[in-house]
Every structure is written in structure tokens, then in C-alpha cells.
A.B. asks: 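Take a look at this one; I'll ask things after.
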Amino acid sequence: MNKFTPAKPAGARSVDEITGSRRLRRMRKADWSRRLVQENRLTVDDLIWPIFIIDGENRKETIPAMPGVYRMSVDLAVKEAERAAKLGIPALATFPNVEMELRDQTGAHILEPDNIINRATRAIKAAVPEIGIITDVALDPFTSHGHDGILRDGIIVNDETVAQVAAAAVLQAAAGSDIIAPSDMMDGRIGAIRDALDDNGFHDVAIMSYATKFASAFYGPYREAIGTQGLLKGDKKTYYIDHANSDEAVREAEQDLAEGADMLMVKPGLPYLDIIRRLKDEFRVPTFAYQVSGEYSMIKAASANGWIDGEKAMLESLLAFKRAGCDGILTYFAPEVAEMLKG
Ligand code: PBG
């Protein structure tokens, strides 16, 4: 008798009779076979690093709610841009913490060609031309009330905000920004920005639309980082998408693409993987996620308490974006994960 034929008690049903010999564990049995069938991979090319800029020189401030993230003066941001480029990170996204006395009701300081964000772009582009620069045109770092638009009689006025945002985009492009990423969610902003860029000869400056930005509790630490936390009264529900909605997110993305967006972004990230997948399936355009401050801080905090393995949770969350259909991820983990992927 063949010694490989297992003896089976009479009448017993074998596992293979149940599975029809389809055993998915076969390919999971070893590291080599798991690597062989791995469907998605995270590489340094997937990373966009959001950084916070402040005025002054040789200044670096901690952000208590975001351990490991700093506000940096332009000279230090240039050094970090050099480090990022060496690591192979394709692009940076810059966000300013503007001096309080420069903030006002309409966010007029965004129209100052030499404001902190445009100075940062010029300095980084001069020192590290090979790294991409993505700039936001939302007004929130510049307004005295922390809203993304012009506030009048308790209302964020749409069209006036769009005009200002489009003008700011031209100044950011003139400073050297490669991609304008408007996060304000005003209607019509993508078309207006595209027209303004083209009218001023910036045909090659792209637009990454924060197409589906949800009203979310996960932005808390960011508001500390840029100093809007104490300013903001109420919420942003009259312009960000209700986080209960999915069809509306598709309509937003469709509209932004029709107006000329080159890329779409979903924000926040992990709680919205369903939206990422829907947009990727529907439109097949470059699609990004913003793993926002609250997502970063939750992983850092749980890790600091020894409740989860922070590095593994970081990698798992980032790979989840790739699996959901993302072409890239804005993440505060960018330099940390780039170092890890190198090693
Ligand atoms: C506002 C803006 C937000 C973020 C970036 N730009 C949200 C907000 O403050 O309402 C959030 C980024 C993050 O949480 O990491 N235009």
C-alpha cells in the first residue's frame, strides 16, 4: 500500500472534500511564496510629505499633538527638502503657520507674492529643483477665523473666495509651485484656477483637486500645527462633504475633472477607502489619499503607549491605500517610511 495515502476513518469527510482541494494557505506558507504573490507594494515613489513652515531663521517647533512633526523656518525646510530628495521622496506639500497679526477676515495675506509659503517654494526650488512642490490655496492659514474662505455675515462666500484662491494660485505658480492643490471645497474653484494659470502662461502647472474632502474630526492636530484651532468657531459643514455621503463624492470628483483637475485626492484617508476605490474604478485618473494629522497621531499615540506596533501599523495603513487604488499618499510618515524602505 502507498504509504502516502492517508488512512481515513470510514464515513469521515476530508477537508479537501469540503474545499475541493482549493487551499489558499498553500501560497501563504513561506515568506518567499508570500512575496511572490503579493499584489500591492509600497515604494518611496508613492510618498508626498506634508511639512509645516514658519517665519524666522533656524527655528524648529514641536507640535504636541503630532509627535515627530515640526514647524520649520524656511532655511530648515530647505534642509529637509534636501533630505527628502536624497531619500527619493517625489514631492513635498507645504503648509504655513502664519503670524497672527498677518491674518484677517479675508485672508488677504495669501495675495502677498512674498508670503511665507511663496518664499518657501522659491527657496526649496532654488536649492532642490528635483523635488516637486505642491501648494494649497485654501485661505484657512491666512484668515482670522480659520475658515477656508471669506466669511461674511456668517457665510463663507463662494465666488469671491474662488476669485481670491485663483489669484493666489497664480502667485504660487510664479514662485515655482509645480502642483496647485486647493483644499477649500468652493464650487468652481478648479475651473477658475485652471483658467487663471493658463492665462498667465502656467500651462504646465498641474492641479491636484482635494475633490472629496469630508467634514471630519480627524483634522484636529493639523489645526494645532497651523494655529487655527483657537480661531475656528463652528464647523466646515457648509463646504466640506458630509461624511455620510458617497454618491456626492463621486459627483464632486466628476465636476473637478470636467473643470480640469489632473489628479484627485480623498481626505481623510483610512476611514474613506471605499471612496478611493469608487473614484479609481469610476474615473481611472491619478488618485491620492491624504492620511491626515489625526490618523498619524492615533498611530503615534497608541504606539507610544505600547498598545500597537507603530511601525507595522504605519506600513499596514499605507499599503491599505495602495490596495484601495491610490497612486500615492500624502503622509506625515513619509521620511520615516522612506528610511525604512531604504533599509
Ligand atoms: C484646510 C486644511 C485641513 C487640512 C489641511 N488643510 C483641514 C482643516 O483644517 O479643516 C488637514 C490636514 C491634516 O489634518 O493633516 N484647508
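Start at 1 and go down the list; that is how both ligands and their atoms are numbered. FYI, side chains are in, hydrogens and waters are out, and symmetry mates aren't considered; it's all heavy atoms of this structure. On a predicted model such as this, the values are computed, not experimentally measured, just so you know.
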A.B. asks: Heavy-atom contacts with R223 under 4.0 Å: which atoms of ligand 1 show up? List them by number with element.
C.D. replies: 8 (C), 9 (O), 10 (O)
A.B. asks: What part of D148, side chain, backbone, both or neither, has a heavy atom within less than 4.0 angstrom of ligand 1?
C.D. replies: side chain
A.B. asks: Hey, which atoms in ligand 1 end up nearer than 4.0 Å to a heavy atom of Y240?
C.D. replies: 1 (C), 7 (C), 8 (C), 10 (O), 16 (N)
A.B. asks: Any chance you could measure I63, atom CD1, to E224, atom CD, to the nearest 0.5 Å?
C.D. replies: 7.0 Å
A.B. asks: Find all atoms of ligand 1 within a distance of less than 4.0 Å from any non-hydrogen atom belonging to K267, and give their numbers and elements.
C.D. replies: 2 (C), 3 (C), 4 (C), 5 (C), 6 (N), 11 (C), 12 (C)
A.B. asks: Same cluster or not: L232 versus F214, using hydrophobic residues (I, L, V, M, F, W, Y) connected whenever any side-chain heavy atoms lie under 4.5 Å apart?
C.D. replies: no
A.B. asks: At less than 4.0 angstrom from any non-hydrogen atom of Y290, what atoms of ligand 1 do you find?
C.D. replies: 12 (C), 15 (O)
A.B. asks: With respect to L92, which candidate in V128, I134, I124, L47 satisfies the side-chain contact (heavy atoms from CB on, under 4.5 Å) definition?
C.D. replies: I124
A.B. asks: Is it possible for you to say whether F95 and I54 belong to one hydrophobic cluster, with membership spreading through side-chain heavy-atom contacts below 4.5 Å?
C.D. replies: no
A.B. asks: What atoms of ligand 1 come within less than 4.0 Å of a heavy atom belonging to K213?
C.D. replies: 1 (C), 2 (C), 3 (C), 6 (N), 7 (C), 16 (N)
A.B. asks: Could you tell me whether the side chains of D75 and S73 share a donor-acceptor contact shorter than 3.5 Å?
C.D. replies: yes
A.B. asks: Out of Y290, Y272, Y240, which one pairs with K213 under the side-chain contact (heavy atoms from CB on, under 4.5 Å) rule?
C.D. replies: Y240
A.B. asks: Considering the heavy atoms of S183, write down every atom of ligand 1 situated less than 4.0 Å from one of them.
C.D. replies: 1 (C), 6 (N), 16 (N)
A.B. asks: Could you list which atoms of ligand 1 come closer than 4.0 Å to a heavy atom of A138?
C.D. replies: 16 (N)
A.B. asks: Any heavy atom of Y332 closer to ligand 1 than 4.0 angstrom?
C.D. replies: yes
A.B. asks: Linking I/L/V/M/F/W/Y whenever any side-chain heavy atoms sit under 4.5 Å apart, do I226 and M100 land together?
C.D. replies: no
A.B. asks: Can you tell me the protein heavy atom closest to atom 6 (N) of ligand 1 and the distance?
C.D. replies: Y222 OH, 3.1 Å
A.B. asks: For the atom pair CG (L102) and OG (S144), what is the distance rounded to the nearest 0.5 Å?
C.D. replies: 12.0 Å
A.B. asks: Just which atoms of ligand 1 are under 4.0 Å from any heavy atom in S293?
C.D. replies: 13 (C), 14 (O), 15 (O)
